[in-house]
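I have a structure I would like to understand better, so I am pasting it below and will then ask my questions one at a time.
So that the names make sense, note that chain A is the first sequence line, chain B the second, and so on, each numbered from 1.
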Amino acid sequence: MDLASKLEKLSLELVQKQDYLYSVTIDFERLESLLLSFLNEFGYITLDSINCRDDLEDGFFTITYCLQTEERDHVVMIQTKIQRENASLPTMHTIWPQAEIMEREMHEMFGVDFPGHPTLIDFALEYWDNMPPLRRDFDTLEYVNSMNPFREQRNDALDAKEEMKKKREAKKAAKLKAQQEAEAKAALEAQNNPSDEVKNEE
Amino acid sequence: MESGFYGSSLDGNLKCKFEESGLANTHEIMEKAVRWFRSRSIFVVAYGTGCGAIEMPPTFTSRYDAERMGVVGVATPRQADLIILSGYLAYKTLRRVIRTYEQMQKPRYIMTLGSCPINGGMYWDSYNTIKKLDDYLPIDVSVTGCMPRPEAVIDGFVLLQERIRNGEKAGWEKYDENFEFYKENQKRVLGGHIDPSYETDWYNLKSGGKA
Amino acid sequence: MKNDLKNTIKIFHGPQHPGITGNMSVELDLLGETIKRAQTHVGYLHRGFEKLVERRTVVQAFTIVCRICVPEPDPNEENFARAVENLAGLEISEKAKYIRTMVLEMQRLATMFLWMGGQAGSIGLGLIPQWSVCDRDYMLDLFEELTGGRVYHMYAFPGGVRRDLPEGFLDKLSDLLDYYEKRIIVYNNTFFDNVIFKKRAIGVGVVNRDEVLKNGYVGQTMRACGIQKDVRKDMPYLMYDKLDFDIPIQQDGDVYARAIVRRDEMLQSIRILRQIIKQMPKEGDILQKIPKHRKFKLPADDTYVQTESARGAMSYYMAGDGSEKIRRMQVRGPSLVHAYTLLEKLLVDSELADVAMTMNSLGICPPEIER
Amino acid sequence: MIFQIILLIMLAYVVGFIYFGLYRNITARIQGRYGPTVYQSFYDSIKLFSKNNTVSYGWMFYLGPVIMATGAVLTLVLVPVFSDSDFLRSVTSQGNLFVLLYLMVLGPLGNALAVGTGGNPFGVMGVVRGLTRLIGLELPFYIAVVGLIIAANSSDIVHIIDVQKTAGLNIINHPLLFIGAMISMVGFFGASPFDIPGAPQEVYSGPRTEFSGKFLALLMSQGSLFAFAKLVLIVDLFLGGADSLVMLVLKTFTIFVAIIFIGIVYGRYKVEQAVDFLMKLPTLIAVLGLARIVWFG
Amino acid sequence: MNSIFLLLNLLPILFLYQFGGALHVSLPLTSEFTLSLIQTPLGTFFAYLSLISFLLVTIAQKSKKLACNYYVLQFLLSMAMLAIVLAGDFITFFIGWEIMTWSSYFLISKSNSIDIKSLQKYILFSLASAFSLIAGIVIAYSFAHSFDFSVISNSFKDMPFNIKVALIVLFSLSFFTKAGVIGLHYWVVDTYSKAPNLFSSILSAVMSKMGIYGLFLVYGNIVGYQELKMMFGTILNGTDFGYVLAWIGVATSIIATFKAITQDEVKRLLAYSSIAQLGYIIAVIGFGTTYGVAGAMYHTLIHTIIKLLLFINVAAIVAQTGKNRFSQLGGLIYRTPVSFVMLLIGIIGLAGMPPLGGFASKFMMYNAAIDTKFALILIGMLFSGAASFLYCYKLVYGIYLGHPTSKNLETTKEVPISYLIPQIILALLLVLAGTFPGAFIKIINPILVEFSLSTIPYSGLGVMNSAVGSFNGFFIMSAFVVFFVLILLLITRIKSKAKNNLNRFDISYCGEVPTQDTSLHFGFGFGTDLYRIKFVNAILKRSSSSFYESLATQTKKTSELFSRMYYGNIHNTMIIILLFFSTLFFIGVN
């Protein structure tokens, strides 16, 4: 891959993840310049998607730009890390028009700010006043319980966990009982036909 | 010209009992006949709200053909009797569905597909879908299946037709009777943003009248 | 920009509209019947799918993956399965690969028939939707036999497929393909060569070629502009590198060209399915054993998979974090870019009568945009 | 005379709705399905009549469908249904062909006022499309009608029928005029290439967007009266009128089936394409027929 | 002030009525010049037409505070028209014509929205028509040695052929400019739309009819239809001259109709529509058959009534709301219901719908075309009639239906009563003309006798019969009313709780909700899609203004050329001119 050699010059290391998938991790400052160089020099003209992964424990978002060349025979993922609190990314919509809608979605779902983005209006949620939903510290179950109550259980409703426990005990008990019966039967047979065993032994 | 040219303006008690409807205010046989005609021709509004909308084309086209029952799709809520809520309802969709439902003319019915409108179904823990449609809109017929087969949907139509023919109490009467209950729930879950959000007394809420 | 909207009226090609396939709305500013500005609105079907996946293990997520895109569930299942296999390093058997390829191509044919119904319905030709949806139904019967479900199959499980072929399935499939070959000739005469469809479709919704690759337009929109690119050929997965088929293209990039590209692709799918029926291995295990779903741990790694759906390249970004739950999964369907960047530009200065037809020919499927 | 009028309206109502029911059945059978019963239109109209509440935007909205129904009934009354018997002869002798031509447009224009008060932009766009399409539709039809008037040298329909008794049916003597008239008849019936005003996929059911309940029922039943009146007009002008009820039903149904089969196979034009098409070929055919009558006597 | 002039207008009507058609006054100026006023049936018809419309307009002007000289000029104008119409010889005719031009020029210049350019256009074209008129008169005098109509008409037969053609062309040109035929309509639209609101109703309804009167005078009395037939021969069974004239009229009406649909200003639409309706009259006037003349005459009457009604209605709305564009008006139906009903009756007449008078006049014209077998002319008329439905609906939708586009439209009150009285009278006239078309036959027969054409058989007040068929207006109107009431009763008997007067935003809008600032009024977008039809696009692209602008620049250049010749002293320029004319004279002599 001549791309690997080119990246050597920029002291970046190209990792091959799958047979058509390569990834490059860089730090945030050089992101925009690298994207432009990918577009102009290396011929990766198609921006396929901008993905964001929320690593709550380490306190940063991993942003992945997936680029493809004109032949579309492999995908290069450019990954970078930005800190979670008031994260902001350079907007790419002047270069790739489709980046506008991808950035609008990421703004609404993760709260990532894109200075200079024309339409940071709501993408899928209407009148949403809570924190951006796809961040990991937003607990969707607790939000759902507060917003609209579930249908009250049917009066003959059963709780799944107890039922499982009961079934396990019932199976264990049944196995136990079966063993005891087997022993009892065996013991019974042993009594009423001691002669057979003796016959077998002779 | 403020008061209506024909027909009285809304009197307080709008309990739309069956007797005050159209031709049916003569007597018993006439009422039964009108119920029979009503059951024989149902207009469904063209609104695929959820993922069950994929089963609507097969139901209304040549293989399963709901038109045999007299069930036809129409474009606008004004002309429709039945709205099919096919699957889960996001908050944004719920606003439009309430608007469409209230623009339909009585008697109007709601048919829901799958278990998502009943108890949240597969998206029980999603932050953007409602969990129990009964609080917001009265449901007449629920069809089981995720997504129900065209035969199940047509079975739903047949059940609805039977109910209309027997003259059972329909959803729209429930909606009129406890209108406040429904409006409160809607206001709570939609964060007060019920269309129309501007100041006109759209549904005569202030004057206690009904839709 | 503001002054040319001076005398326009605003209407919605809205969520409740017979001309919309699915549940989205396009806000139009009209001068007479010429569109001066179009804005797409989605979110009517948003169920926060990616949030749900984060709370579910692989097997639990598998059941709701196929409900992302309603007219065409199988590419989602295939993407999900392949992404999990990439992460967990599973290797699936030869027979499972053949079965998965067969299911993908069968679903592709069914979606093409549904598209044809929508396209003919948008110009008022009531006859074709009735026929094409009925033909699609015959394919759904085969799916029901194979996977147990008509629309949502939940069949391509990470590590293989969940059920083996019922015997006599392949002969039924080849009979259906013969029937389809005859039907496509009928559709040719009544729909593709229909005078009115030609007059309505030629020269409408023209996508200019040089921005196709840059803006990431995929599928028939790309191939109708003369760019011969297809994920099945460029980044072959499953058995596509062993099957020979070609990628039909057209040159002038309007609604009619996209329709002709779709018709040729149907013929190609039939050709692929015929080869699969011949080469399908008789025996071989179809599902690899994977540990219990509570203990099936995904490594802290991420991957990016692409599949060619009937409307274009659909790609999944998936990341695990060592626990049994999926850390992150992002879906990028073809409709996201088609509905926003392409549609809003295409509709300006076009007519209100062309909105339904253009949207259907771009293959826009609303649940895929906002999941 | 009053009793005959009521009888005619009932006949038109029943026959019109049965034709519409047959239309839905024939299209269903072509599409490979069973389709509703033949009496489905009756069920639909009675259900709509018996709706509990309707919505109206003031008195003009209320009067719109009424004007449209009046136009339909007036057209029906002025068309001589039976050629030789003096059924309603005293009425039909008052009006003549020009009155009918303009009555056919009076109803839709009256309804357009109600659509305007409704205030729905889709409704107005449907009306504008209907009127623009009318420019194209009227051309071949008027040429055919004018040709027949000049040929029979009288604009009274009964006279035209008598002329056909002696000189042979107009469909044989003036085939070109018949083709022109039939093409625009497809448009007047709203069959497929020209069903532009109420296109659901484009204009959200056009002029009928705001009508509900009993107004919609009134529009549907006046539609059946109007269709019957137009069919009888075509039969009178080109097929020499019908002397008995059986002949009337037979002839009108053949015309109706011809229109159905034209409509089934085609999609829908845009308005300007429809007017362009109508101004070129059908008008040329009709003008040739007209020139033959005017110049060669 | 207004009431005084109201009485003044009443006087001439009583004066004329008292004479009963036998007025004959002659005023000898010099030995051979006598000014004479004769009351011919044609003249009385047009006299009553103009006087009654002046009366109605003065009633309408009651609520406007107008200066005294405005009324004086208006009265002067009506007197001038009276002089034209009752003129017995060309001198009084020309005096009346000049006074009419000047008084109307001053009246137009009073409007606040007029600009110099359109005023110039008006006066230039009027002067051009006056010059061609005077040229015709001089030529006629040089042959007939008298200005009297009767003398000229019997000496007309033995004039040389090319002189006859010249006379007819000159007179027709002058009257065409007044009526606004397609080539010469350049001034019509600007003046009608920029004139003071109520005065433009007189302009369109009455002054253009003076052109029509002139055409009738020339073709009917002076030249005579038989003479026209002999001169130019006949085609099918109408005159050649009539065939050419008919094509001009049809072209005028088709082009003006499509131009009218795309106008956004209300009065420009009405201006184009009056050009179109006059196109009808001009098409039918040259047929030279009884039904041709009757159709033209009846349509003149109907057109005057309709245009007065529409212009007064629009003037009232513009006065009330201050807006005159469709994109700014809308939604006034329930705030000004009476004027809505009046406009509705007006457009039903304009479109030519059966129960009202508009249809009777169109019926007469269509029969005239069938009678003379001019089939293609008839198709042209029917085509432009079908296209006129569009601008009729635009007129009613743009102002009254739809949604109010500007804020103050929601609070406008009903139009003052002084505007409504003339409208109600005119609407009643229109309805009567529709129900009793036969009454008009009685009016027209004496005129036909005067033109020595066969009269129309009169059979009953309600029946209008013509060459190829007849229809009973009274029966159709009564049938319409009866059926209307029956169906209305049927509908109201079906008692279903109608929720009336819905909020104007409660429309089915694809699930979304329109708010205060969503624009829903389709007023501006009405004619914007017509350009997509190739035939209509060809019409809308071409406009006559480019031709006249180039003409204006040419004349400016040539005049500059001449002015450059004049430099320094006057003498040598005089010599040059003298030389020029002398050479001309020599050439001319031999």
Side-chain angles (χ1 to χ4, degrees), chain B residues 1-7 10 14 16-25 30-31 33-43 45-46 60-81 102-108 164 170 172-173 176 210-211, chain D residues 17 21 24-25 27-63 66 117-118 120 122-123 126 198-217 219-220:
Chain B
M1 282 300 172
E2 197 43 50
S3 78
F5 193 69
Y6 293 101
L10 285 180
L14 191 79
C16 287
K17 282 186 298 310
F18 207 85
E19 294 69 27
E20 284 152 21
S21 74
L23 298 173
N25 53 13
M30 189 64 175
E31 210 172 294
V34 165
R35 276 197 212 126
W36 189 79
F37 281 121
R38 274 187 178 165
S39 71
R40 286 293 302 173
S41 120
I42 291 179
F43 289 170
V45 74
F60 288 100
T61 52
S62 55
R63 184 125 189 247
Y64 297 96
D65 189 17
E67 203 178 350
R68 288 173 287 143
M69 319 280 160
V71 179
V72 179
V74 281
T76 60
R78 294 276 187 232
Q79 305 156 355
D81 309 327
E102 274 161 5
Q103 275 190 345
M104 286 155 65
Q105 301 311 305
K106 299 185 188 53
R108 51 193 180 197
I164 298 172
W172 53 273
E173 286 166 304
D176 289 346
K210 299 289 183 305
Chain D
F17 265 152
R24 282 169 75 166
N25 243 315
T27 38
R29 287 295 154 77
I30 294 173
Q31 289 162 358
R33 56 191 174 91
Y34 283 110
T37 60
V38 179
Y39 312 106
Q40 186 60 39
S41 312
F42 292 105
Y43 303 154
D44 293 349
S45 67
I46 290 173
K47 177 210 77 175
L48 283 173
F49 268 122
S50 70
K51 273 279 182 187
N52 274 18
N53 68 342
T54 52
V55 157
S56 80
Y57 293 81
W59 51 270
M60 189 59 219
F61 189 86
Y62 212 99
L63 300 185
V66 177
T117 44
N120 199 321
F122 289 116
Q201 282 82 10
E202 294 154 14
V203 203
Y204 196 54
S205 99
R208 291 191 174 189
T209 318
E210 284 306 315
F211 292 103
S212 59
K214 58 182 180 185
F215 299 128
L216 199 56
L219 287 180
M220 277 170 71

Worksheet item: Who pairs with B:Tyr64 by ring pair (Phe, Tyr, Trp, His ring centres under 6.0 Å), at least two apart in sequence or on another chain?
Response: none
Discussion item. What part of D:Arg24 gets within 4.5 angstrom of chain B, counting heavy atoms only: side chain, backbone, both, or neither?
Written reply: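 Side chain of D:Arg24 only, per the 4.5 Å heavy-atom cut-off to chain B.
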Practice prompt. Answer yes or no: is there a side-chain heavy-atom contact under 4.5 Å between B:Ile42 and B:Ile164?
Written response: yes
Worksheet entry | Minimum side-chain heavy-atom gap B:Met104-B:Trp172 below 4.5 Å |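 A side-chain contact under 4.5 Å is absent here.
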Item to complete: Say whether, by atom type as modelled, one donor and one acceptor occur between the side chain of B:Gln79 and the main chain of D:Ser205 under 3.5 angstrom.
Response: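 No, because the side chain of B:Gln79 does not come within donor-acceptor range (under 3.5 Å) of the backbone of D:Ser205.
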Worksheet item: Considering only heavy atoms, which portion of B:Ala33 lies under 4.5 Å from any heavy atom of chain D: side chain, backbone, both, or neither?
Response: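 For B:Ala33, neither part sits under 4.5 Å from chain D.
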Worksheet item: Which atoms of D:Gln201 come close to chain B, meaning under 4.5 Å heavy atom to heavy atom: side chain ones, backbone ones, both, or neither?
Response: neither
Discussion item. Is the distance from the ring center of D:Phe61 to that of D:Phe211 below 6.0 Å?
Written reply: yes
Worksheet item: Checking heavy atoms, do the side chain of D:Gln40, its backbone, both or neither come under 4.5 Å from chain B?
Response: side chain
Practice prompt. Under 4.5 Å heavy-atom distance to chain D, tell me which part of B:Thr61 shows up: side chain, backbone, both or neither.
Written response: backbone
Worksheet item: Using non-hydrogen atoms only, which part of B:Val71 is less than 4.5 Å away from chain D: side chain, backbone, both, or neither?
Response: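 Neither the backbone nor the side chain of B:Val71 comes within 4.5 Å of chain D.
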